[in-house]
Amino acid sequence: MKKIILALMMVVSAVWADIKLDFILSARKKGCEVVHWIENDYENGVLWQQYAKVACKDPQSMPVRMVGLKFLDVSKNLKGEYIYTYGLEK
């Protein structure tokens, strides 16, 4: 019975989890800011469940997966910031 209640609680908490907030907090821990966020929309002809761009002033060792989103690309913009792209396709 305890296992069933624990499993039910995990499912309920997963439904209420806010991926965007968790992603923003994870980026801030690295000293970066989320500059672009998309949910359930198209970007460059691809339908994304979640898609984010993170700007950092200095190069960072970013994780391959951050809050379930997969690392896609890194580039440098005209301001000299490093832009890390993460996404989860639908």
Side-chain angles (χ1 to χ4, degrees):
M1 186 68 174
K2 287 182 184 180
K3 289 181 182 179
I4 294 172
I5 292 173
L6 182 62
L8 184 60
M9 287 175 54
M10 289 175 58
V11 169
V12 169
S13 65
V15 169
W16 284 319
D18 187 6
I19 293 174
K20 183 178 180 181
L21 180 60
D22 291 343
F23 192 86
I24 291 171
L25 293 176
S26 296
R28 284 188 183 159
K29 285 180 185 176
K30 292 280 190 179
C32 306
E33 289 294 321
V34 175
V35 292
H36 187 65
W37 179 267
I38 289 178
E39 282 192 55
N40 301 319
D41 203 359
Y42 288 93
E43 178 75 23
N44 298 327
V46 178
L47 179 60
W48 296 98
Q49 188 171 349
Q50 283 99 17
Y51 180 85
K53 291 195 176 211
V54 178
C56 302
K57 294 184 183 199
D58 299 316
Q60 299 287 327
S61 60
M62 300 296 272
V64 175
R65 287 202 170 267
M66 189 161 45
V67 192
L69 278 71
K70 181 180 170 188
F71 173 77
L72 301 172
D73 188 29
V74 63
S75 60
K76 197 171 180 181
N77 66 8
L78 295 174
K79 294 180 186 176
E81 297 173 325
Y82 291 87
I83 306 296
Y84 297 90
T85 306
Y86 284 86
L88 180 63
E89 279 190 64
K90 235 180 179 178

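This is a predicted model, so every value here is computed, not measured.
A search for side-chain contact (heavy atoms from CB on, under 4.5 Å) contacts involving Leu21 returns Asp18, Leu25, not counting sequence neighbours. A search for ring-ring contact (aromatic ring centres under 6.0 Å, His included) contacts involving Tyr86 returns Phe23, Phe71, not counting sequence neighbours. Every residue was checked against the ring-ring contact (aromatic ring centres under 6.0 Å, His included) condition with Tyr42, not counting sequence neighbours, and none meets it. In this view, Ile38 and His36, Asp41, Glu43, Tyr51 satisfy the side-chain contact (heavy atoms from CB on, under 4.5 Å) rule, not counting sequence neighbours. The side-chain contact (heavy atoms from CB on, under 4.5 Å) test applied to Lys76 returns Tyr82, not counting sequence neighbours. Under the side-chain hydrogen bond (donor to acceptor under 3.5 Å, both in side chains) criterion, Gln50 pairs with no residue at all, not counting sequence neighbours.
Here the closest non-hydrogen pair linking Asn40 and Leu47 is C-CD1, 4.2 Å. What you find for Met66 and Ala27 is that their closest heavy atoms are SD-N, 4.2 Å. When all heavy atoms are compared, the tightest approach of Ala52 to Trp37 is CB-CE3, 3.4 Å.
In this structure, Val35 stands alone, with no Ile, Leu, Val, Met, Phe, Trp or Tyr side-chain heavy atom under 4.5 Å from its own, directly or through other members. Members clustered with Ile83: none, using a 4.5 Å side-chain heavy-atom cutoff among hydrophobic residues.
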Open item on the list: Pair Val46, Lys90 - check side-chain contact (heavy atoms from CB on, under 4.5 Å), show working.
Closed with: CA-CA 9 Å; Val46 178; Lys90 235 180 179 178; over 6 Å; no
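Distance check, rounded to the nearest 0.5 Å: CD of Glu89 to CH2 of Trp48 gives 4.5 Å. Atom OG1 of Thr85 and atom CG of Leu69 lie 11.0 Å apart (nearest 0.5 Å).
Evaluation of the disulfide bond (SG atoms under 2.5 Å apart) test over residues 21-85, restricted to residues two or more places apart or in two chains, returns Cys32-Cys56. Among residue pairs with one or both ends in residues 25-40, those qualifying as salt bridge (Lys or Arg N to Asp or Glu O under 4.0 Å) are Arg28-Glu33; sequence neighbours excluded. Within the structure, salt bridge (Lys or Arg N to Asp or Glu O under 4.0 Å) pairs that include any residue of residues 52-67 do not occur (at least two apart or interchain).
Cluster membership check: Ile19 shares its hydrophobic cluster with Ile24, using side-chain heavy-atom separations under 4.5 Å among Ile, Leu, Val, Met, Phe, Trp and Tyr.
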